[in-house]
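For reference, the structure discussed in these notes is given below.
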Amino acid sequence: TTLTVRALRPCVCVVPVRGREQKGLAAMSVGEHVSSSMMGPEGFGSDSLTLGDSLDAAGSSGGRHGTVVRDMPFLHRVPTDRKQMLELGKEVDKLKAMRMIIQDMARGVDQSQLFPSVVKTVICKSVELKKLVYMYLVRYADELPDLALLSISTFQKGLKESNQLIRASALRVLSSIRVPVIVPITLIALKQASTDMSPYVRKTVAHALPKLYQLAPREKESLLEILEQLLHDRTTIVIGSVIMAFEDLCPERLDLIHKHFRKLCNMLIDIDEWGQMSIVRLLTRYGRTQFVDPNSGVDTETEQPFYAEEESETEDAAGAADADGDKKKKGQLMDPDHRLLLRSCLPLLQSRNSGVVLAVVHLYHRLAPFAEMSLVIKPLIRLLRAGREVQQIALTAINTLAVERKSLFEPYIKNFFVRSNDPRFVRLLKLEILTQIANETNIPIILREFQQYVRDTDKEFVTTTIQCIGRCASKLTNVTESCLTGLMSLVSKKDEAVVAESVVVIKKLLQLNPEGHKDIIIMMSLMANTIVVPMARASILWLIGEYSAYIPKIAPDVLRQMAITFSDEEDIVKLQILNLSAKLFVNNHKQTKLLVNYVLNLAKYDQNYDIRDRARLIRALLLNKESKLHKHCKQLFLSEKPAPNLQSPFTVRSKFEICSLSHALDMETLGYTELPAFPEEAPDPTVRNVEEKAIAAPTKEASFFSDGEESGSSSSESESGSGSGS
């Protein structure tokens with residue numbers, strides 16, 4: 001009798017045997033037999049399974065011929081195929097499969113082929129599994145809209161669940177499926193959910209409004225009805241999202257805010273941080289259209305601070321003093337709602353979110369009196385202890401504010417000193433601020449700092465420091481001499497970039513008062529041959545030609561030396577040599593005539609056509625006496641040049657609103673809108689009056705949660721507590 005092993009399926013082994021041979025075959029392993037006779041060295045399966053185990057089960061057959069069918073152990077293993085796990089697996093297997101799918105989605109692997117199987121998984125009891133399924137459906141609903149429609153009925157059922165998390169998740173996914181066919185269904189769902197007992201669900205409705213508006217702009221009127229209903233909400237976790245939706249749907253409809261202005265001001269302190277930013281930005285635009293300019297007709301030099309005790313007490317005490325002083329001092333000059341807005345935003349300066357602080361700074365910059373701007377300076381400077389990105393935005397805003405009101409930042413000068421671990425962009429911004437706030441009192445401290453900065457290894461930082469020294473010298477005449485002396489010492493450095501920048505800055509400073517700095521002009525002339533940096537060399541030659549009347553004996557000798565090396569010079573230096581020869585010819589043509597001819601002949605055959613053209617022009621003007629322009633040569637070459645205007649580059653940035661992306665990039669970006677101008681006459685303040693209705697106390701049964709809802713989680717309790725408290 002022979003033993004035959006036949007594999008009908010990967011997990012089933014069929015062995016025909018005779019009953020009388022059970023004892024002889026009991027010790028034989030199926031793995032050993034298959035490995036030696038049929039399957040090769042790999043074997044069929046595990047060697048732990050023996051034929052004797054299978055034949056023992058067939059012992060009761062009485063020795064008759066029979067077939068023993070034994071299932072292999074891996075028949076009951078968890079399937080590794082994700083599709084099988086979703087369709088046939090248990091809930092644990094489905095959860096594991098969905099986690100792997102979401103992981104691959106995050107890596108950019110396409111998982112759209114599993115869409116039908118995932119849709120079927122929506123019907124489950126696990127909230128965690130439903131969340132993963134919802135994430136998947138939101139991702140692929142646009143690509144497979146027909147299959148996405150299969151899950152609509154499930155989401156509609158989810159909107160009626162007792163658990164608020166399930167209701168909100170179903171609404172979020174329903175609004176994220178960008179299929180125009182379901183817009184009416186989504187709109188009805190939003191209308192019903194806008195009156196939901198749970199504030200979390202109402203907040204989800206506010207988030208869904210911009211999505212539906214992008215999908216169906218023609219439904220704007222219906223969406224505005226829902227938005228207007230949500231604006232009446234008094235729950236802090238809802239109102240922030242409602243204002244965000246308002247900014248996306250209808251930012252121009254400020255008339256909808258009239259009745260809710262005071263409510264927003266009073267609730268501002270309790271709203272989440274991102275909602276505070278949106279509300280502050282909205283109220284800034286609202287204030288510019290509804291209130292008059294508080295600084296019109298006010299002498300900022302003689303105006304006293306509104307908060308009289310701000311220097312000696314804390315901000316809380318200053319806020320209490322404001323409440324009393326508001327009625328006595330300036331309550332009659334400023335709209336009470338305007339004062340309410342400023343008072344409500346003041347506590348937000350203590351926020352840990354830098355975006356909230358910057359939004360309040362922008363509001364005070366545009367709406368507050370000049371005397372009250374000092375309240376936001378210290379919180380703004382506190383942001384310099386945050387990360388690099390926050391430092392950059394804060395320093396950019398400070399630079400723009402310092403252009404208009406530098407006196408606000410003078411007491412905090414030490415906060416702008418450069419540290420060794422500051423990145424380059426932070427260093428450059430701090431340099432700009434130090435230059436802006438420099439005055440006769442603090443200039444010695446700033447110049448001592450600059451002396452240390454010019455020794456730094458970062459060449460760009462050093463050259464920018466030299467430029468700032470020049471700007472300080474041009475702005476404050478009492479330190480011009482000391483700045484020029486320091487810059488002259490830098491000219492002897494070996495670093496080419498430092499020497500070039502120093503010479504350029506010295507040239508600009510000498511233009512301000514050349515008669516008072518003849519000795520410096522002589523020193524610069526003597527250095528013309530030693531300096532090898534083309535830009536610095538060209539600047540010195542320009543100085544010699546422009547002020548050759550002060551050095552009549554040195555200038556011709558410099559031209560002689562430059563003519564010797566003319567062919568080896570850079571193009572920018574050659575052009576200045578030509579200009580120098582023309583200016584010397586006008587002032588002293590008898591002594592320099594031959595030298596000028598020699599230089600023009602050299603330039604006539606130069607490879608650069610700009611130099612050849614300049615030489616032809618000078619020859620025609622100077623040597624051709626029959627030309628009509630010959631008599632105007634002195635006006636052409638030695639005309640009086642205006643002094644350079646060394647102003648801050650942030651003067652141009654002031655056209656953008658501070659703390660905006662356009663202001664940070666110094667260019668208008670997509671979506672940037674300018675603030676409207678203040679009205680000449682104050683609009684009617686009664687539009688903000690609202691009749692307060694008595695609100696009945698909620699009964700014991702009234703709750704944000706239904707009877708069957710599990711509200712044991714701390715997050716749900718906090719949400720319901722905030723809603724009932726409001």
Side-chain angles (χ1 to χ4, degrees), residues 112 115-124 127 130-233 235 237-253 255-256 260 704 706 709:
S112 58
F115 196 92
S117 302
V118 176
V119 170
K120 300 175 184 177
T121 316
V122 177
I123 307 175
C124 60
V127 177
K130 279 190 175 183
K131 290 181 180 179
L132 297 178
V133 173
Y134 291 157
M135 292 172 60
Y136 179 91
L137 294 177
V138 171
R139 168 64 180 82
Y140 290 106
D142 288 344
E143 300 178 9
L144 303 169
D146 296 334
L147 293 177
L149 296 176
L150 299 175
S151 58
I152 298 300
S153 59
T154 305
F155 297 140
Q156 287 179 310
K157 294 179 181 178
L159 294 173
K160 300 178 181 179
E161 289 284 342
S162 58
N163 192 320
Q164 63 171 350
L165 297 178
I166 297 178
R167 296 199 304 272
S169 300
L171 184 61
R172 183 180 296 111
V173 178
L174 189 63
S175 61
S176 300
I177 299 176
R178 301 182 59 82
V179 181
V181 180
I182 66 169
V183 169
I185 300 176
T186 308
L187 193 59
I188 294 174
L190 291 178
K191 289 181 179 179
Q192 295 176 350
S194 63
T195 58
D196 195 276
M197 296 291 292
S198 170
Y200 183 68
V201 177
R202 299 198 301 272
K203 180 177 182 178
T204 307
V205 174
H207 290 165
L209 292 178
K211 301 178 186 178
L212 193 58
Y213 176 67
Q214 293 178 359
L215 181 61
R218 283 184 268 182
E219 301 292 340
K220 184 176 181 179
E221 294 299 327
S222 301
L223 296 176
L224 285 179
E225 294 178 2
I226 302 175
L227 179 64
E228 192 170 0
Q229 181 179 359
L230 291 175
L231 281 172
H232 289 83
D233 202 302
T235 309
I237 69 171
V238 178
I239 197 65
S241 301
V242 173
I243 297 302
M244 292 181 187
F246 175 86
E247 292 284 67
D248 288 336
L249 262 68
C250 52
E252 72 285 350
R253 291 289 306 275
D255 56 292
L256 298 176
H260 310 285
F704 287 120
S706 57
E709 183 176 0

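Starting from 1, each residue takes its place in the sequence as its number. Only heavy atoms go into these numbers, but all of them, side chains included; no hydrogens, no water, no symmetry mates.
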| request: Quick one: closest heavy-atom pair of P184 and V181, and the distance? | output: CD-O, 3.5 Å

| task | Rounded to the nearest 0.5 Å, what's the gap from CD on Q164 to CZ on R202? Could you check? | result | 10.5 Å

| message | Name the residue from I152, I185, L137 that meets the side-chain contact (heavy atoms from CB on, under 4.5 Å) definition with I177. | response | I152

| Heavy-atom distance under 4.5 Å between the side chains of Q229 and T195, does that happen here? | yes

| Side chain of S169, backbone of I166: donor and acceptor closer than 3.5 Å? | no

| Among D233, L230, V205, T235, which residue meets the side-chain contact (heavy atoms from CB on, under 4.5 Å) test with V242? | L230

| query | Of all heavy-atom pairs between R172 and T204, which one has the smallest distance, and what is that distance? | reply | NH2-OG1, 3.8 Å

| message | I need the minimum non-hydrogen distance between L215 and V183, along with the two atoms involved. | response | CD2-CG2, 3.7 Å

| field | From OG1 (T154) to NZ (K120), nearest 0.5 Å | value | 12.5 Å

| query | Taking atom types as modelled, is there a side-chain donor on R167 or S198 under 3.5 Å from an acceptor on the other? | reply | no

| request: Output the distance between atom CD (E221) and atom CD1 (I226), rounded to the nearest 0.5 Å. | output: 12.0 Å

| So Y213 and K220, side chain to side chain contact (heavy atoms under 4.5 Å, CB included) or not? Walk me through it. | CA-CA 6 Å; Y213 176 67; K220 184 176 181 179; 3.8 Å; yes

| task | Measure the spacing between CG of L227 and CG of L231 and express it to the nearest 0.5 Å. | result | 4.5 Å

| remark: Between P199 and V238 the two heavy atoms that sit nearest each other are O-CG2, 3.3 Å

| field | Flag if over 12 foreign heavy atoms under 6.0 Å of CG, L256 | value | yes

| task | Show your working on side chain to side chain contact (heavy atoms under 4.5 Å, CB included) between R253 and L224 and close with a plain yes or no. | result | CA-CA 10 Å; R253 291 289 306 275; L224 285 179; 4.0 Å; yes

| query | When you measure from the side chain of Y136 to the backbone N and O of F115, does any donor-acceptor pair fall under 3.5 Å? | reply | yes

| remark: Closest non-hydrogen contact found for C124 with K130 is O-CE, 3.0 Å

| field | Atom of A206, atom of P210 and distance for their closest heavy-atom approach | value | O-CD, 3.2 Å

| Does some side-chain heavy atom of L187 sit less than 4.5 Å from a side-chain heavy atom of L223? | yes

| request: Working to the nearest 0.5 Å, report the span between NZ of K211 and CZ of R178. | output: 10.0 Å

| said: I'd like to check L171 versus T186 (side-chain heavy atoms, cut-off strictly below 4.5 Å). Are they in contact? | reply: no

